[in-house]
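Treat the numbers as computed from the prediction; the structure is a model and nothing was measured. Residue numbering restarts at 1 for every chain, and letters A, B, ... go by the order of the sequence lines.
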Amino acid sequence: MIDILVLAEIDGEAISPATLEAITAARALDGTIHLLLCGSSMDAEAVAEVAGQFGVETVHVAENEVLDVFSPEAWGQALELAIDEISPDVVLASGTSKGNEVLAHAAARLDLPFVANCTQLTADLADHEVALTRIQWGGSLLEEALLTADTRIVSIAHHALEAEPLGTDVADIEAIEMDIDQLYARTHVVGREMAEAGVTLATAPIVFGGGRGVGSAEAFAPLEELAQLLGGRVGCSRAVTNNGWRPHRDQVGQTGTRIAPELYVASGISGAIQHWVGAMASKKILAINTDPEANMVVKADYFVEGDLHKVLPAVIDEIKSRRT
Amino acid sequence: MRVLCCVKRVPAPGAKINITADGQDVDSAHLGFAMSPHEECAVEEAVQLADRFEGNSTVLTLGAPEAEEQLRYAASLGVQSAVLLSTDGSPWDPQRTARAIASAVQTLEADDGPFDLILFGNESADSGGFQVGVRVAHALGRPMVNAIKGIEPDLGAGMVTAKREIDGGFEVYKLPLPAVMGVKEGLNLPRYPTMKGRLASKKVEVGVIEAEGEVGGQRRVRLIQPPAQESNTVKLGEGIEAAPAIVDLFDELGLL
Ligand SMILES: Cc1cc2nc3c(=O)[nH]c(=O)nc-3n(C[C@H](O)[C@H](O)[C@H](O)COP(=O)(O)OP(=O)(O)OC[C@H]3O[C@@H](n4cnc5c(N)ncnc54)[C@H](O)[C@@H]3O)c2cc1C
Ligand SMILES: Nc1ncnc2c1ncn2[C@@H]1O[C@H](COP(=O)(O)O)[C@@H](O)[C@H]1O
C-alpha cells in the first residue's frame with residue numbers, strides 16, 4: 001500500500017468540488033489517502049465527514065496563523081513540511097489555478113519534478129518511474145510524459161472525472177503544529193473585490209458567443225438582448241477582445257474562460273482549436289455562420305447558415321412574439 | 001523601475017495542431033511562431049511600467065536561436081533590452097528551464113542591479129506546466145503570485161498591489177518589491193507594433209547566454225492527438241427562415 005497526500009482547496013465553508021475530484025482520482029491507486037487542510041479557518045470535523053465519504057483516511061490540519069488565509073508561499077511550505085512528516089509516495093491536487101500553484105511551490109522547495117494537469121491516474125503511479133498522460137495546448141493536444149521521482153507530485157486536470165462519494169466513513173483528524181516561516185505572510189490575500197452577484201460566464205445556462213463576424217462593439221447589442229431575454233451571458237472569441245470590442249472577462253477559450261452551458265450559440269466564430277477547448281464542455285452547440293465549412297460548424301450539434309446580423313434579430317422577434 | 005519579462009517561442013497553430021511523424025513535436029512546417037497571449041500581456045505591462053516609472057524593460061527567452069524573432073517582436077513594442085538563453089531547440093523540462101533562467105537572472109542582476117519585477121505568463125501556451133515562474137521565484141527567494149490580472153506598484157512604499165481573478169471577482173495581494181508574478185491575458189490590451197517600432201527593434205542588441213541547467217525528472221515520451229469527438233451537425237435552416245427552429249431548440253432545452 002502506498003500513501004497519497006491530497007492538498008485541500010476550500011470553497012467558502014466546504015472542501016472545493018475540485019478537491020473532491022482529486023480525492024476520487026486518488027482512489028484509482030491502491031493506497032491510503034491523506035488530506036492536507038491548511039489553516040484552522042475551517043471546521044475540521046465537517047471536512048473529515050465529507051472527506052471520509054470520498055475515501056480519505058486522515059485529515060491533517062496544518063496549524064499556523066499564516067495559513068489561515070490563502071498564501072501560495074506559506075501553503076507551499078506547509079505542503080513541504082507535510083510531505084516530510086507523512087512521506088507520501090504521491091502528492092496530488094486538482095489542476096486549478098491554486099492547486100497547480102501550491103504544488104509548484106512545494107516541488108520547487110523540494111527540488112522535485114511536478115507534472116501538471118494529468119487526464120487520469122493509474123495504479124503504476126506507485127512506481128518510481130511512471131508514464132502519465134497530460135494536457136498540452138490547453139487541451140488541444142495530449143502529451144505522454146515520463147515522471148521519475150521518489151515522491152510523485154502531480155495534479156489531475158479539473159473536470160477530468162466526476163467526484164463520487166464512496167460510503168459513510170468519517171476521516172480521522174490529526175493536527176500538525178507547523179513551523180512556517182513568518183516571512184511568507186508577504187504573499188497572502190489582503191482583500192476581495194467581488195462583482196455583483198448573478199450568473200457568470202462559467203455558470204450561465206446559455207451563452208451567446210460572438211466572434212470577428214460580429215464586426216464591432218455596437219453590433220453585440222442583439223447578443224446582449226438575447227442573453228438578457230434568456231438569463232444567459234455574452235461570450236466572445238479572442239479576435240473580439242483583441243479588437244477591444246469586449247472585455248477579456250468575456251473571452252471563451254484556452255486563455256479565457258471555460259464554459260459548460262446547456263447551449264452555446266456561437267455566431268461569427270470560426271472555431272479555432274484554442275476557442276473550441278473553452279467551449280467543448282457545452283452540452284449542445286449551435287453555430288451561426290456564413291461559412292458551412294467553418295470548424296465551429298463542423299463540430300457543432302446544430303447549424304444555421306446565414307448572416308448573424310439578420311438571423312439574431314429575427315430570433316429576438318420570434319421570442320417576443322411567442323411570449324406575448 | 002526595472003522590469004523583466006520571460007517569454008517562450010511556440011508555433012502559432014491554425015484550426016488544428018498537427019504532430020510530427022516521430023511524435024516529438026508540433027509540426028510547425030507551415031506555421032508561424034508566437035508567444036502565449038499571457039506573455040504578450042507580460043511584455044505590454046513591462047513596457048508600460050518602464051514608461052510610467054522612468055525605468056527600463058528587458059525581455060528574456062530560452063530556446064533555439066530562432067527565438068530571437070520573439071525577442072525582436074517584444075522590442076518592436078518598446079522593450080529596451082533582449083536576452084537569448086540559447087539551446088539546441090529540443091524541449092527542456094520545467095526544472096531545467098527554471099534553473100537556467102534563475103541563473104541567467106542572477107548574472108544579469110550582478111551587472112545591472114536587481115529587477116524590481118519579473119513577469120512570467122501564468123502558463124506557457126504549449127506545455128502548460130504551471131511552474132517555471134514559481135521555481136525561478138523560489139530560487140531567487142522572492143515573493144510570487146500567479147493568475148494576476150492587475151498590477152499597481154507603489155515604489156515609495158516598495159510594494160506592489162496585484163489582483164488575481166477568481167470566479168465572480170478579484171482577490172487582492174500586496175507584495176514587497178522585488179517581486180515575481182505570473183500574469184494572465186486581460187491584464188492589459190497589448191499594442192500592435194508600429195513601423196517605427198519595427199525599425200527600432202532591428203537595432204536592439206540581443207545578449208546571448210549559453211543556457212545551462214541540470215535535467216529534471218520529467219521527460220516527454222510523445223505527443224498524442226486527443227480522441228476526435230464525433231459530431232453529426234443538424235442543419236436547422238438558412239437565414240431568417242431558421243429563426244422559429246432556433247427558438248424551438250431553446251424551448252426543447254428548457255431555456256425559453
Ligand atoms: C496560444 C493561443 C491561445 C489562444 N486562446 C484563445 C482563446 O482563449 N479564445 C479564442 O477565442 N481564441 C484564442 N486564440 C486565437 C484563435 O487561434 C483564433 O485566432 C480566434 O479564436 C479567432 O476568432 P474568430 O473565430 O472570432 O475569428 P475568425 O477566425 O476570423 O472567424 C470569423 C468567423 O466569422 C464568420 N463570419 C463572418 N461574417 C459573418 C456574418 N456576417 N455572419 C455569420 N458569420 C460570419 C466567418 O465565416 C468566420 O468563420 C488563441 C491563440 C493562441 C495561439
Ligand atoms: N523557454 C522559456 N523561455 C522563457 N520563458 C519561459 C520558457 N518556458 C516557460 N517560460 C515562462 O514561464 C511561464 C510558465 O511556463 P510553464 O511552467 O511551462 O507553464 C511561461 O508563461 C513563460 O513566461
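Of the inter-residue distances, the one linking Ile224(B) atom CD1 with Thr133(A) atom OG1 reads 5.0 Å to the nearest 0.5 angstrom. Note that CG of Leu189(B) is 7.0 Å distant from CG of Asn242(A), once rounded to the nearest 0.5 Å. Taking CG from Leu263(A) and CZ from Phe250(B), the interatomic distance works out to 6.0 Å, rounded to the nearest 0.5 Å. Atom CH2 of Trp137(A) sits about 5.5 Å away from atom CG of Asp126(B), to the nearest 0.5 Å. Note that the CG atom of Leu112(A) and the CD atom of Gln95(B) stand 7.0 Å from one another [nearest 0.5 Å]. We find the CD-NE2 distance between Gln77(A) and His138(B) to be 8.5 Å, quoted to the nearest 0.5 Å.
The shortest side-chain heavy-atom distance between Gln131(B) and Asn100(A) does not fall under the 4.5 Å cut-off. Put simply, the side chain of Ile246(B) does not reach to within 4.5 Å of the side chain of Tyr302(A), judged on heavy atoms. Contact check for Leu255(B) versus Glu262(A): side-chain heavy atoms found under the 4.5 Å cut-off. When side chains are defined from C-beta on, His105(A) counts as touching Met144(B), because their heavy atoms get closer than 4.5 Å. You'll find the side chain of Pro244(B) reaches within 4.5 Å of the side chain of Arg322(A), heavy atoms only. Side-chain contact between Leu236(B) and Glu305(A): absent, with no pair of heavy atoms (C-beta onward) separated by less than 4.5 Å. Residues Arg134(A) and Gln218(B) meet the side-chain proximity criterion, which asks for heavy atoms closer than 4.5 Å. With a 4.5 Å cut-off on side-chain heavy atoms, Gln136(A) and Arg220(B) count as touching.
Contact of Thr200(A) with chain B is made through the side chain alone, with heavy-atom distances under 4.5 Å. With a threshold of 4.5 angstrom between heavy atoms, Gln274(A) approaches chain B through side-chain atoms but not through N, CA, C or O. Heavy atoms closer than 4.5 Å to chain B are found in both the backbone and the side chain of Ala107(A). Contacts between Glu73(A) and chain B at a heavy-atom distance below 4.5 Å involve the side chain alone, from C-beta outward. Heavy atoms of Glu40(B) lying under 4.5 Å from chain A belong exclusively to its side chain. In this structure, the portion of His188(A) lying under 4.5 Å from any heavy atom of chain B is its backbone and not its side chain. Of the two parts of Lys98(A), the backbone and the side chain both hold a non-hydrogen atom closer than 4.5 Å to a non-hydrogen atom of chain B. For Asp301(A), the part lying near chain B is the backbone, with the side chain staying farther off; criterion is any non-hydrogen pair under 4.5 Å. Interface remark: Leu253(B) contributes side-chain atoms only to the contact with chain A (heavy atom separation under 4.5 Å). Looking at Arg142(B), only its backbone comes within 4.5 Å of chain A, counting heavy atoms on both sides. Both the backbone and the side chain of Ala195(A) come within contact range of chain B, with heavy atoms under 4.5 Å apart. For Pro72(A), the part sitting under 4.5 Å from any heavy atom of chain B is the side chain, from C-beta outward, and nothing else. Heavy atoms of Ile135(A) lying under 4.5 Å from chain B belong exclusively to its backbone. Contact of Asp248(B) with chain A is made through backbone and side chain together, with heavy-atom distances under 4.5 Å. With a threshold of 4.5 angstrom between heavy atoms, Arg109(A) approaches chain B through its backbone and through its side chain. With a 4.5 angstrom heavy-atom cutoff, Ile319(A) touches chain B via backbone and side-chain atoms both.
Counting non-hydrogen atoms of other residues, nucleotides and ligands closer than 6.0 Å to CZ of Arg249(A) gives a total of 12 or fewer. The environment of CD in Glu212(B) is sparse: at most 12 heavy-atom neighbours from other residues, nucleotides or ligands sit within 6.0 Å.
In this structure, Thr233(B) contributes its side chain and Phe303(A) its backbone to no donor-acceptor pair below 3.5 Å. Looking only at distances, a side-chain donor or acceptor of Gln254(A) sits under 3.5 Å from a matching main-chain atom of Ala125(B). A distance-only check finds no donor-acceptor pair linking the side chain of Glu144(A) to the backbone of Val221(B) [under 3.5 Å]. Side chain of Arg323(A) to main chain of Leu256(B): a donor-acceptor pair is present (N/O by atom type, distance under 3.5 Å, no hydrogens or angles).
No side-chain donor-acceptor contact under 3.5 Å links Thr148(A) and Arg219(B). A donor and an acceptor atom, one from each side chain of His248(A) and Lys149(B), are located under 3.5 Å apart.
Top candidate by heavy-atom pairs under 4.5 Å with chain B, chosen from Val311(A), Leu132(A), Leu141(A), is Leu141(A). Comparing Leu201(A), Asp317(A), Val298(A) by how many heavy-atom pairs each has under 4.5 Å with chain B, the most go to Val298(A). In terms of heavy-atom pairs under 4.5 angstrom with chain B, the leader among Gly76(A), Pro113(A), Gly306(A) is Pro113(A). Note on Ile316(A), Val189(A), Leu312(A): by heavy-atom pairs under 4.5 Å with chain B, the leading option is Val189(A). Chain A forms the most heavy-atom pairs under 4.5 Å with one residue out of Gly168(B), Gly216(B), Gly128(B), and that residue is Gly168(B). Of all the listed residues (Ile206(A), Leu103(A), Asn295(A)), the one sharing the greatest number of non-hydrogen pairs under 4.5 Å with chain B is Ile206(A). When Leu142(A), Ile273(A), Asp307(A) are compared by the number of non-hydrogen pairs under 4.5 Å with chain B, Leu142(A) comes out ahead.
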| request: Just do the side chain to side chain contact (heavy atoms under 4.5 Å, CB included) check on Arg238(A) and Glu185(B) with the steps written out, would you? | output: CA-CA 10 Å; Arg238(A) 183 162 182 254; Glu185(B) 190 180 28; 2.5 Å; yes

Assess the residue pair Arg222(B) and Glu143(A) against the criterion (side chain to side chain contact (heavy atoms under 4.5 Å, CB included)); give the C-alpha distance rounded to whole Å, side-chain angles, the decisive distance to 0.1 Å, and a yes or no.
CA-CA 6 Å; Arg222(B) 63 193 173 112; Glu143(A) 177 189 34; over 6 Å; no

Inset, instruction - Please step through side chain to side chain contact (heavy atoms under 4.5 Å, CB included) for the pair Arg99(B) and Asp111(A), ending with a clear verdict. - result: CA-CA 10 Å; Arg99(B) 283 173 184 140; Asp111(A) 199 19; 2.7 Å; yes

>> Go through it in stages, so that I can follow the logic: the residues are Lys184(B) and Thr255(A), the test is side chain to side chain contact (heavy atoms under 4.5 Å, CB included), and I'd like the CA-CA distance, side-chain angles, deciding distance and then a yes or no.
In response: CA-CA 8 Å; Lys184(B) 280 190 126 175; Thr255(A) 51; over 6 Å; no

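Of the charged side-chain nitrogens involved, none lies within less than 4.0 Å of a carboxylate oxygen, so that Glu193(A) and Arg164(B) do not count as a salt-bridged pair.
Between Phe114(A) and Phe130(B), the shortest heavy-atom contact is CE2-O, 4.0 Å. Contact detail for Met194(A) and Ile166(B): the closest heavy-atom pair is SD-CD1, 4.1 Å.
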